[in-house]
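Right, one structure below, let's go through it.
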There are 2 protein chains.
Amino acid sequence: MTRSASTPTGIRPSRRPVTRSHDAPTVSPDDLLKLDQQVCFALAVAARNVIGLYRPVLEPLGLTHPQYLVMLALWERSPLTVREIGRLISLEPATLSPLLKRLEAAGLVTRDRHPDDERALAITLTERGRRLREQALEVPPQIVERLGLRIEDLEALHGSLTRVIAATTPAD
Amino acid sequence: MTRSASTPTGIRPSRRPVTRSHDAPTVSPDDLLKLDQQVCFALAVAARNVIGLYRPVLEPLGLTHPQYLVMLALWERSPLTVREIGRLISLEPATLSPLLKRLEAAGLVTRDRHPDDERALAITLTERGRRLREQALEVPPQIVERLGLRIEDLEALHGSLTRVIAATTPAD
DNA sequence: CACTAACAGTTAGTGCACTAACTATCTGGA
DNA sequence: TCCAGATAGTTAGTGCACTAACTGTTAGTG
């Protein structure tokens with residue numbers, strides 16, 4: 001009980017930051033810290049919640065969310081190497097390796113050695129994997145409905161996230 | 001090779017959605033699907049990338065990102081039950097249980113039975129856990145610097161994420 | 001008072017997600 | 001030609017994150 005609770009709801013809940021960085025040259029460093037704490041927290045929670053929203057929708061397709069992302073990539077272009085998929089969806093080969101084996105076990109992809117480069121794998125959609133796309137078309141509208149956000153909000157979110165990805169992906 | 005690749009970069013890369021839902025009453029359902037695919041993808045990648053940004057910064061503190069979120073909650077209010085922490089950062093008790101044992105093993109918290117309710121645990125900061133807060137104050141500015149985003153962008157992101165959390169958290 | 005509901009937390013099992021260490025293949029010179 | 005270094009993927013080990021099934025405690029109800 002050393003530090004008394006500042007709010008009942010917990011982590012900096014309703015402290016709306018005032019946007020005035022253009023008239024005030026220096027933002028209070030204290031506010032900056034708090035804002036960022038909220039952003040890291042909000043990003044993690046929002047991602048978990050939204051992925052949780054996908055779970056029941058993807059379940060009839062027999063896919064998890066990362067598996068769904070891999071399938072989206074393959075529906076765009078079918079023979080891809082592990083490395084290429086990893087670059088597209090920002091995942092390490094070590095993460096994809098077992099995931100792709102599960103997709104193979106489910107009969108959605110094949111994992112064959114690339115003819116030009118025996119090191120690489122050619123991940124190819126099977127007929128079954130290609131057909132699954134039809135069912136997957138039903139997924140996005142269900143998610144949008146469950147999310148219950150307006151298109152403008154979705155677009156604003158997407159814009160912000162794109163900036164974050166642009167700022168974080170190339171540097172690493 | 002049934003579907004030829006629409007773009008070399010993969011998942012709907014630069015298809016900026018046109019915001020005209022107020023003059024056109026019906027948005028093309030096809031565009032809607034694509035936008036959403038981008039949002040789910042962008043959210044997952046952005047969260048992974050940003051958490052990855054925290055990794056090296058939190059490493060000297062001996063914390064992982066979810067552990068950091070738990071500590072943030074405890075720095076706000078110290079004796080909390082497992083359930084309360086879970087509500088604050090949207091995690092299942094089953095996820096927190098081993099995590100809290102690791103924090104206890106690290107000497108940052110204690111896990112004692114709650115005096116009023118023998119079912120509940122009172123998770124309390126130790127002196128060491130309380131002192132770690134001083135080091136943690138260095139974390140947010142480092143992240144903001146590594147992110148390299150303007151404050152306005154951060155605030156816009158935070159606003160969008162808050163709407164997502166509001167839309168997803170209570171409904172479930 | 002007993003007995004059932006609800007509740008708090010834990011355990012087991014599956015599946016990401018990362019780093020580090022490894023095998024196998026390919027490539028560019030000396 | 002041979003071989004050092006880069007590259008593609010796998011494996012091992014740690015730590016989330018979820019659901020389902022479990023133990024133990026509390027509280028409400030007949």
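Chain naming here is simple, since letters A, B, ... match the order of the sequence lines and numbering starts at 1 in each.
- For B:Lys101, a side-chain nitrogen or oxygen approaches OP1 or OP2 of C:dT11 to under 4.0 Å.
- A syn base is found at C:dA5: its glycosidic angle is within 90° of 0.
- Backbone-only engagement by B:Pro66 is indicated by non-hydrogen atom pairs under 4.0 Å involving sugar-phosphate atoms exclusively.
- As rounded to whole Å, 14 Å separates atom C1' of D:dG15 from atom CG of B:Leu58.
- Between B:Arg55 atom CZ and C:dA17 atom P there is a gap of 11 Å when expressed in whole angstrom units.
- Among D:dA17, C:dC26, D:dT11, the nucleotide with an atom closest to any side-chain atom of A:Arg48 is D:dA17.
- When distances are taken from the side chain of A:Ala120 to each of D:dG9, C:dA8, C:dG15, the shortest belongs to D:dG9.
- Whole-Å rounding puts the A:Ile85 CD1 to C:dC16 P distance at 13 Å.
- No side-chain heavy atom of B:Thr124 sits less than 4.5 Å from a side-chain heavy atom of B:Val109.
- Among the nucleotides D:dC16, C:dC16, D:dG9, the one closest to the side chain of B:Gln67 is D:dC16.
- The hydrophobic cluster containing A:Leu53 does not contain A:Ile51, counting ILVMFWY residues as joined when their side-chain heavy atoms lie under 4.5 angstrom apart, directly or transitively.
- Taking all atoms of both residues into account, the shortest heavy-atom contact from A:Leu80 to A:Ala73 is CD1-O, 4.0 Å.
- Applying the Watson-Crick and G-U wobble criteria (two distances, each under 3.5 Å), D:dT7 pairs with C:dA24.
- With distances taken from any side-chain atom of B:Ala94 to the nucleotides C:dT25, C:dT11, D:dT10, the minimum falls on C:dT11.
- Atom CG of A:Leu125 is separated from atom CZ of A:Arg131 by 12.0 Å, given to the nearest 0.5 angstrom.
- Checking D:dG13 for Watson-Crick or G-U wobble geometry (two distances, each under 3.5 Å) identifies C:dC18 as its partner.
- Contact annotation: A:Arg113 side-chain N/O to D:dG9 OP1/OP2 distance is not under 4.0 Å.
- Here D:dC16 presents its P atom at 10 Å from CG of B:Leu96, a figure rounded to the nearest Å.
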Apply salt bridge (Lys or Arg N to Asp or Glu O under 4.0 Å) to A:Glu104 and A:Arg111, showing your working. CA-CA 7 Å; A:Glu104 184 187 38; A:Arg111 295 164 59 254; 3.2 Å; yes

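- B:Glu92 places its CD atom 14 Å from the P atom of C:dT10, with the value rounded to the nearest Å.
- Counting any heavy atom pair closer than 4.0 Å across all strands shown, A:Ile51 reaches no nucleic acid atom.
- For A:Arg119 against C:dC26, no side-chain N or O and base N or O form a donor-acceptor pair under 3.5 Å.
- Under the Watson-Crick and G-U wobble criteria, each requiring two contacts below 3.5 Å, nucleotide D:dG30 is paired to C:dC1.
- For D:dC16, neither phosphate oxygen OP1 nor OP2 lies less than 4.0 angstrom from any side-chain nitrogen or oxygen of B:Thr95.
- Of the listed nucleotides (D:dC16, D:dC18, D:dT10), D:dT10 has the atom at the smallest distance from the side chain of A:Val82.
- A straight line from CD of B:Glu59 to P of D:dT14 spans 16 Å, rounded to a whole angstrom.
- Among the nucleotides D:dC16, C:dT11, C:dG9, the one closest to any side-chain atom of B:Arg83 is C:dG9.
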Could you go through the salt bridge (Lys or Arg N to Asp or Glu O under 4.0 Å) check for A:Glu84 and A:Arg87 one step at a time? CA-CA 5 Å; A:Glu84 286 170 333; A:Arg87 254 189 293 273; 6.0 Å; no

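- Atom-to-atom, CG of A:Leu91 to P of D:dA8 comes out at 16 Å; the value is rounded to the nearest Å.
- Judged by closest nucleotide on DNA chain C, B:Ala122 is the one of A:Asp117 and B:Ala122 placed further toward the 5' end.
- Between the CG atom of A:Leu99 and the C1' atom of C:dT14 there is a distance of 13 Å, rounded to whole Å.
- For B:Thr64, taking side-chain heavy atoms from C-beta onward, the closest of the listed nucleotides D:dC16, D:dT10, C:dA17 is D:dC16.
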